[in-house]
Amino acid sequence: MNLNQIQHKIVTTINGPILVVAGAGSGKTRVIIYRIIYMIKKMRINPENILALTFTKKAANEMKSRLFKIINNPLILKKITIGTFHSIFSIILRNEAHLLGYNSNYTIYDNKDSDYLIKKILKNLNIEKVLDYRKIRKQISNYKNNLFFLSKKNNKNTLFYKVYKIYVKKCHQMNSLDFDDILLHTNYLFYRFPNILLKYQNKFKYILVDEYQDTNISQNNIIKKLSNKYKNIFVVGDDAQSIYSFRGAKISNILNFHFIYKNTKIFRLEQNYRSTNSIVKASNKIISFNKNQIYKKVWTDNEKGEEIKIYNATSDEEEAIYIANYILMYTTKKKFKYKDFAILYRTNYQSNIIELILKEKKIPYNIYGSISIEHRKEIKDLFSYLKFINNINDEVSLLRILNSEIKYKKTIKSIINISKKKNIEIYNIINNIEKYDINININTVKKLKIICSFLKKIRFNLNKFNAYQIVKYVIIFLLKKKKYENKIKEKFKLILINIYKYVKKKLRFYNINTYLSDFLQYFYLEDDNNENDKANKVSIMTVHLSKGLEYPIVFITGLEENIFPSKSCIGNSQIEEERRLFYVALTRAKKIAILTYATSRFLWGNKITNIPSRFINEINKLISIKYKKNKYNNILGLKIHHKDFGSGIILNCNNDIATIKFNKLGIKRILLSLNKIIF
DNA sequence: CCTTCGTGAATTTTT
DNA sequence: TTCACGAAGG
């Protein structure tokens with residue numbers, strides 16, 4: 001199995017609660033995978049009793065494919081339950097939905113759906129100017145993830161609570177769950193129905209959780225309940241890589257694990273096998289700037305390797321060009337492959353310019369997540385049809401359809417008003433539109449008729465046709481009605497191909513038919529929209545998505561204050577999480593890490609300028625000097641004294657102009673040739 | 001009933 | 001810059 005002594009011990013210690021504190025690159029995913037194999041092959045544990053949980057769809061798919069490579073037996077593999085918290089528990093909820101007053105075909109609302117609903121509620125209460133719908137959504141999410149509903153913490157007189165209650169009620173009426181509901185309702189299910197809990201306790205006798213540092217209260221409580229009978233709970237985590245606190249992740253879960261589970265065995269994985277010594281050294285240096293951390297000594301036997309490189313681009317475009325050229329050079333002259341490279345960024349929108357340049361230079365790439373395709377308007381339209389067809393109570397999706405089909409807002413408003421006044425479902429009204437006294441355009445009536453008869457027809461066949469057939473009909477219907485650009489048609493085609501593959505795979509692999517609701521579940525909670533994983537392509541993604549992955553050469557881009565670290569994290573306690581995020585980014589690299597930053601960059605059509613990220617300065621001494629561009633190339637981070645302005649530190653330097661942060665006067669740009677600076 | 005024009009927000013990260 | 005939304009005017 002090729003494991004070190006501690007790893008071997010971890011793999012073969014099966015019973016009881018176990019906490020593994022694992023540094024970056026110490027082989028923790030490998031340990032999980034070998035442990036699963038050991039349980040099945042050596043311990044003869046029934047694979048059906050194993051539950052492995054991850055946080056991102058990407059990590060789940062990665063684990064599945066790595067396991068498959070070793071086990072290579074689909075019959076065994078399909079018995080193991082592997083997936084994200086959300087996907088696994090939403091499947092369980094579908095099975096038990098009737099107990100909670102839901103139908104098993106419930107719709108999953110993404111953030112945009114939630115926003116839409118919250119906006120509507122605020123408008124109805126006439127407080128859309130008082131409360132910000134996005135803040136409310138975050139607050140609702142926070143509420144649910146912290147299980148406040150179980151405690152007495154809620155302040156029932158606030159405006160927020162009023163909105164919260166309506167939101168919950170509406171979701172229930174529409175047979176819909178948002179992402180947080182999936183966890184919340186699972187909690188409620190296990191709390192309220194002990195016999196159901198027992199059923200799943202007996203099924204999942206062995207539970208493994210990857211990236212445990214990212215669990216929130218709600219998730220942690222589910223694991224606690226599930227493992228309570230057999231206590232075979234195995235968690236792996238690294239507090240230094242905790243980067244999901246915005247989703248309610250609580251580091252205290254990992255810190256208090258051994259208090260909650262008696263007789264916990266604790267292991268530490270500190271040897272890094274992934275990266276060169278230079279990279280390990282720099283990442284240790286970075287994380288040492290954080291005050292809150294569990295002491296860990298990550299070390300490596302690997303060679304020193306190349307020093308970390310840095311590139312100061314003049315613009316975001318030039319940054320991308322530099323990266324593209326670098327990749328071209330290394331693939332032609334140094335025999336690296338495209339798939340050896342990853343380009344990481346802090347925010348999704350940064351991918352635009354990178355994609356553009358890579359396309360120009362004909363470098364094949366694979367983008368993960370992205371401004372995810374489900375948020376594109378036309379795709380959203382398609383999926384509102386699919387969601388409504390699947391769940392006739394889903395008025396959010398129906399209203400989306402109406403909004404995209406009917407130009408005249410007044411007409412929609414009158415329909416909604418009638419629905420409210422007479423307490424009749426909107427779908428019912430549009431089906432009998434001529435019976436109602438509405439000022440409505442004749443063409444609109446015709447349109448509604450066409451839509452309604454289509455919906456009726458297709459809903460009639462809902463259980464006869466598989467997901468592929470249904471989606472195909474909807475796409476044909478949409479294309480018949482509207483003139484879409486070719487780009488959109490291509491996207492539709494891609495989605496269809498994706499569905500086709502999925503339906504086929506399910507049939508061959510598991511011998512089950514895929515209906516529309518199965519496909520929607522897959523689309524929202526399982527598909528990481530990345531079929532070409534193994535293809536020889538450059539990977540580009542956010543730092544968040546890169547966790548758990550590794551690449552020989554990694555570019556960390558946009559290392560500027562206000563970008564990375566993000567503006568909203570500067571000057572508060574969240575800066576430590578940003579630093580952990582940078583730590584995650586840096587530790588993805590096996591051989592070479594290249595940090596890039598741009599002097600100016602486009603944001604909303606405006607050129608903005610930022611000073612280099614503090615993270616560059618924090619590891620300044622470990623960065624290869626020859627890559628520090630220009631003639632004042634070795635003065636970054638240097639403490640200086642200015643004849644007029646006093647002492648300060650050099651943040652950036654472009655040819656003759658240095659950006660200096662003065663102790664008393666703040667940030668100023670100084671012409672070096674004036675010779676006012678004493679180094 | 002329908003078009004046009006002006007204003008203001010958007011982009012932190014994932015399920 | 002781009003997009004959504006709403007007011008105003010055709």
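Just so we're on the same page: letters track the sequence lines, and every chain starts at 1. Atom set for the values below is all heavy atoms of this structure, side chains included, hydrogens, waters and symmetry mates excluded.
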A:Leu603 vs A:Thr542, nearer the 5' end of DNA chain B by closest nucleotide: A:Leu603
Length of the CZ-C1' vector between A:Phe602 and B:dA10, whole Å: 17 Å
Mutual orientation of the aromatic rings belonging to A:Phe615 and A:Phe582 [parallel < 30°, tilted 30-60°, perpendicular > 60°]: parallel
A:Trp604 side chain, from C-beta outward: closest of B:dT14, B:dT12, B:dA10: B:dA10
Touch class at under 4.0 angstrom, heavy-atom based, for A:Phe55 against every strand present: sugar-phosphate
Whole-angstrom distance between C:dA4 and B:dT11, as gauged at atom P: 12 Å
Value in whole Å for how far the P atom of B:dA9 lies from NZ of A:Lys119: 13 Å
Gap between atoms CZ and C1', on A:Phe523 and B:dT15 respectively (whole Å): 13 Å
Sugar-phosphate only, base, or nothing, as touched by A:Lys123 at under 4.0 Å among non-hydrogen atoms: sugar-phosphate
Short side-chain N/O contact from A:Asn348 to OP1 or OP2 of B:dT13, under 4.0 Å: yes
Donor-acceptor contact present, side-chain A:Asn403 to main-chain A:Leu399, <3.5 Å: yes
Sidechain-backbone polar pair: A:Glu561 side chain, A:Arg614 backbone, donor-acceptor under 3.5 Å: yes
Short side-chain to backbone donor-acceptor contact, A:Thr215 and A:Asn220, under 3.5 Å: no
Outermost DNA chain C nucleotides near chain A [under 4.0 Å, heavy atoms]: C:dT1 to C:dG6
B:dT13 pyrimidine/purine six-ring stacking with A:Tyr244, under 5.5 Å and 30°: no
Centroid-centroid under 6.0 Å between A:Phe523 and A:Phe383 rings: yes
Residue whose nearest DNA chain B nucleotide is more 5′ - A:Thr84 or A:Tyr133: A:Tyr133
Under 3.5 Å donor-acceptor, A:Asn391 side chain and A:Met174 backbone: yes
Between P of B:dT12 and CD of A:Gln350, the distance in whole Å: 11 Å
Touch class at under 4.0 angstrom, heavy-atom based, for A:Glu211 against every strand present: nothing
A:Lys58 NZ to B:dT15 C1', straight-line distance once rounded to whole Å: 15 Å
Euclidean distance, atom CD1 of residue A:Ile575 to atom C1' of B:dT13 [Å, nearest integer]: 14 Å
d(NZ, A:Lys138; C1', B:dT11) in whole Å: 10 Å
Spacing of A:Lys547 atom NZ relative to B:dT15 atom P, expressed in whole Å: 11 Å
Flag, side chain of A:Ser600 to backbone of A:Thr314, donor-acceptor distance under 3.5 Å: yes
